[in-house]
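See structure below.
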Amino acid sequence: MTIKATAARLFAKFIQHKNQRWITRPVESQQEVFSKLIATAQHTQFGRDHAFAEIKTHQDFIARIPIRDYEALKPYVDRVVAGESDILWPGKPLYFAKTSGTTSGAKYIPLTKESMPFHIEAARNAILNYVHETGKADFVNGKMIFLQGSPILEQKNGIQLGRLSGIVAHFVPKYLQKNRLPSWATNCIEDWETKVDAIVQETVDQNMTVISGIPSWVQMYFEKIQQNSGKLVGELFSNFNLFIYGGVNFEPYRAKFENLIGRKVDTIELFPASEGFFAYQNKQGDPGMLLLLNAGIFYEFIPTDEFYSPHPTRLTIGQVELGVNYVLIISTNAGLWGYNIGDTVQFTSLKPYKLIVSGRIKHFISAFGEHVIGKEVEQALAQAVVQCNVRVSEFTVAPQINPTNGLPYHEWFIEFEQEPDDLEAFAQEIDQQLRLQNSYYNDLIEGKVLRSLLISRVAQNGFQDYMKSIGKLGGQNKIPRLANDRILVDQLIKI
């Protein structure tokens with residue numbers, strides 16, 4: 001074992017021991033974060049407007065801080081963007097993470113000197129946790145690739161802004177700089193297809209050991225690597241044994257990845273966002289991700305079936321239950337208060353607190369009261385592809401409310417890498433798996449309100465062409481798994 005690998009194992013052991021302080025004191029750790037956030041921000045404009053000086057308990061907080069999404073918080077954010085100080089958090093942010101908005105165009109998420117270190121430490125600790133758990137550290141001697149946005153930053157009233165992944169690129173530790181690919185120049189390429197081609201040229205003859213990125217875009221890289229070299233990814237990169245991902249569920253991609261690689265590799269799932277780094281997978285074989293309770297973020301959880309009620313229940317970490325679908329609400333040391341990031345989660349463990357991302361509160365199908373969520377369609381497909389020996393490149397689901405004949409149904413748009421022998425049998429397997437998970441959907445099928453789902457094939461690279469047509473190819477952009485309307489799929493059909 002090299003000196004670098006030995007040092008990584010020792011450092012991993014130290015971090016693991018350090019993390020036990022908050023892992024074993026979850027409620028106390030969250031209370032400490034809560035108290036520090038309130039005390040620090042009480043003299044900001046937001047703190048004065050919401051009487052932070054009078055907040056002593058979570059109930060006080062609930063009474064003064066309503067749940068807000070970006071649109072509701074935008075009047076305060078606009079003042080921060082305009083260059084004002086002490087609005088949401090003391091001083092001014094270090095950066096704005098620029099993301100795509102829905103109704104207001106671009107969103108500007110503040111990153112402060114207090115919040116930025118937690119983004120970096122969490123990503124580092126996820127890898128160190130893997131080293132400590134598995135004892136595998138030799139990968140530190142090879143090359144590591146992180147598929148990310150351009151690190152070129154703009155200026156907004158004296159504050160730098162860019163994509164979160166591009167901002168994070170400025171914080172890669174010096175000891176990893178020599179191992180890191182692609183080069184700075186290649187990372188700065190804006191056009192995604194051009195960028196991936198350049199990454200292929202830079203990496204095809206390297207000793208790649210770790211590859212990281214959103215699965216759909218890493219898949220594109222793997223396909224180009226295979227086309228360029230004529231070899232399986234795992235054959236070309238014989239020491240590649242760790243894939244790190246986040247943003248979407250990997251399971252629908254797993255079979256195709258293993259086919260492209262030629263073997264299984266270890267994986268680590270992350271739960272990062274511009275608003276904060278929330279969790280990472282801390283045990284191989286366990287899909288639950290360890291919720292980071294000391295990372296400058298105070299968490300609240302609202303049962304999804306209460307979310308749209310006038311006064312939903314707002315739970316803290318000590319009040320959550322296993323298997324319940326919650327909307328994740330955060331208050332952070334970047335100045336987001338009672339903020340709905342849009343994700344829904346389910347806890348898989350309470351000792352320690354571990355969760356999975358179950359979907360998006362706005363991404364569901366409930367055209368007939370079925371309320372099918374992302375986790376359910378992903379799990380149904382994952383089971384079906386195994387049963388039917390199928391590989392899927394990408395998919396999305398939408399309701400067909402007004403069919404030309406027969407009952408309404410859910411329409412699945414699937415781009416296959418390996419098609420089923422019997423498409424109808426494959427559709428029935430997905431449908432059965434979905435009915436087992438969602439009793440409302442099952443009742444609608446049995447009651448002949450809906451008929452079983454139908455599958456529409458999407459041509460090869462159809463989803464990539466769609467994303468390109470709307471200017472969202474690559475980076476952190478993702479295909480929504482499902483929607484309650486047909487806006488996306490109507491555009492997809494036209495490609």
Side-chain angles (χ1 to χ4, degrees), residues 70 73-74 77 80-81 92-102 104-113 115-124 126 144-173 176-177 180-199 211-221 244-248 270-278 330 332 334-336 339 341-343 357 360 464 467-468 470-480:
Y70 184 83
L73 197 64
K74 191 172 181 294
V77 176
V80 181
V81 173
K92 294 182 180 181
L94 290 179
Y95 302 93
F96 291 117
K98 187 178 180 181
T99 67
S100 300
T102 50
S104 62
K107 301 197 303 186
Y108 298 93
I109 306 299
L111 298 168
T112 65
K113 66 179 181 180
S115 70
M116 196 67 222
F118 287 109
H119 285 272
I120 309 306
E121 289 177 12
R124 179 203 69 187
M144 306 177 191
I145 185 171
F146 302 92
L147 293 182
Q148 55 193 189
S150 171
I152 296 175
L153 305 180
E154 305 171 41
Q155 291 278 335
K156 192 82 170 178
N157 294 316
I159 299 173
Q160 295 188 92
L161 69 93
R163 300 292 181 184
L164 176 64
S165 60
I167 294 171
V168 169
H170 291 262
F171 291 85
V172 175
L176 286 181
Q177 290 288 2
R180 178 179 175 271
L181 287 172
S183 66
W184 187 268
T186 294
N187 234 359
C188 291
I189 297 173
E190 290 289 349
D191 180 77
W192 187 253
E193 290 176 297
T194 304
K195 183 173 185 171
V196 173
D197 286 337
I199 293 173
I211 296 173
S212 175
I214 292 176
S216 51
W217 306 124
V218 174
Q219 177 179 298
M220 181 178 177
Y221 164 66
I244 304 172
Y245 67 94
V248 298
L270 311 179
F271 185 9
S274 298
E275 295 86 351
F277 200 122
F278 308 122
I330 60 171
T332 78
L336 303 177
Y339 188 87
I341 66 168
D343 287 320
V357 179
R360 299 279 293 171
Q464 287 184 20
M467 294 297 278
K468 186 175 181 179
I470 62 172
K472 291 188 176 183
L473 182 66
Q476 303 303 301
N477 299 305
K478 304 177 283 288
I479 291 285

Contacts of Asn157 that satisfy side-chain hydrogen bond (donor to acceptor under 3.5 Å, both in side chains) - sequence neighbours left out: none
Rounded distance (nearest 0.5 Å) linking atom CD1 of Ile109 with atom CG of Leu161: 12.0 Å
Nearest non-hydrogen partners of Ala126 and Leu270, listed with the distance: CB-CD2, 3.6 Å
Residues forming a ring-ring contact (aromatic ring centres under 6.0 Å, His included) with Tyr339, sequence neighbours excluded: none
Set of salt bridge (charged side-chain N to carboxylate O under 4.0 Å, His left out) partners for Arg180, sequence neighbours left out: none
Expected output: side-chain Thr186 to main-chain Ser183 donor-acceptor under 3.5 Å: no
Heavy-atom donor-acceptor pair, Arg163 side chain to Lys98 backbone, under 3.5 Å: yes
Listed partners of Pro151 passing side-chain contact (heavy atoms from CB on, under 4.5 Å), at least two apart: Ala169, His170, Trp184, Asn187, Cys188
Contacts of type side-chain hydrogen bond (donor to acceptor under 3.5 Å, both in side chains), residue Gln160, not counting sequence neighbours: none
Considering all heavy atoms, the nearest Ile341-Phe271 contact: CD1-CZ, 4.4 Å
Ile145 side, atom CD1; Ser212 side, atom OG - distance, nearest 0.5 Å: 9.5 Å
Qualifying residues under ring-ring contact (aromatic ring centres under 6.0 Å, His included), relative to Phe277, sequence neighbours excluded: none
Smallest separation among heavy atoms of Ala334 and Thr112, with atom names: CA-CG2, 3.6 Å
Closest non-hydrogen atom pair, His119 against Ala273: CE1-O, 3.3 Å
Side chains of Asp343 and Arg360 in contact at under 4.5 Å (non-hydrogen atoms): yes
Atom pair CG/OG of Leu94 and Ser115 - distance to nearest 0.5 Å: 7.5 Å
For Asp191, salt bridge (charged side-chain N to carboxylate O under 4.0 Å, His left out) partners two or more places apart: none
Qualifying residues under side-chain contact (heavy atoms from CB on, under 4.5 Å), relative to Ile120, sequence neighbours excluded: Met116, Val168, Phe171
Non-hydrogen side-chain atoms of Leu111 and Leu164 separated by less than 4.5 Å: yes
Contacts of type side-chain hydrogen bond (donor to acceptor under 3.5 Å, both in side chains), residue Tyr108, not counting sequence neighbours: none
Nearest atoms (heavy-atom pairs only) where Leu336 meets Glu275: CD1-CG, 3.6 Å
Trace of the side chain to side chain contact (heavy atoms under 4.5 Å, CB included) decision for Val218 with Tyr245: CA-CA 9 Å; Val218 174; Tyr245 67 94; over 6 Å; no
Partner residues of Glu193 under the salt bridge (charged side-chain N to carboxylate O under 4.0 Å, His left out) criterion, sequence neighbours left out: Lys468
Heavy-atom side-chain contact between Ile167 and Leu153 under 4.5 Å: yes
Heavy-atom pair of closest approach, residues Tyr70 and Ala106: OH-O, 4.4 Å
Inter-residue atom distance Met220.CE - Lys195.NZ, 0.5 Å rounding: 12.0 Å
Non-neighbouring partners of Val80 that pass side-chain contact (heavy atoms from CB on, under 4.5 Å), sequence neighbours left out: Ile87, Leu88, Pro93, Phe96
side-chain hydrogen bond (donor to acceptor under 3.5 Å, both in side chains) partners for Ser216, two or more places apart: none
Any side-chain heavy-atom pair of Met467 and Trp217 under 4.5 Å: yes
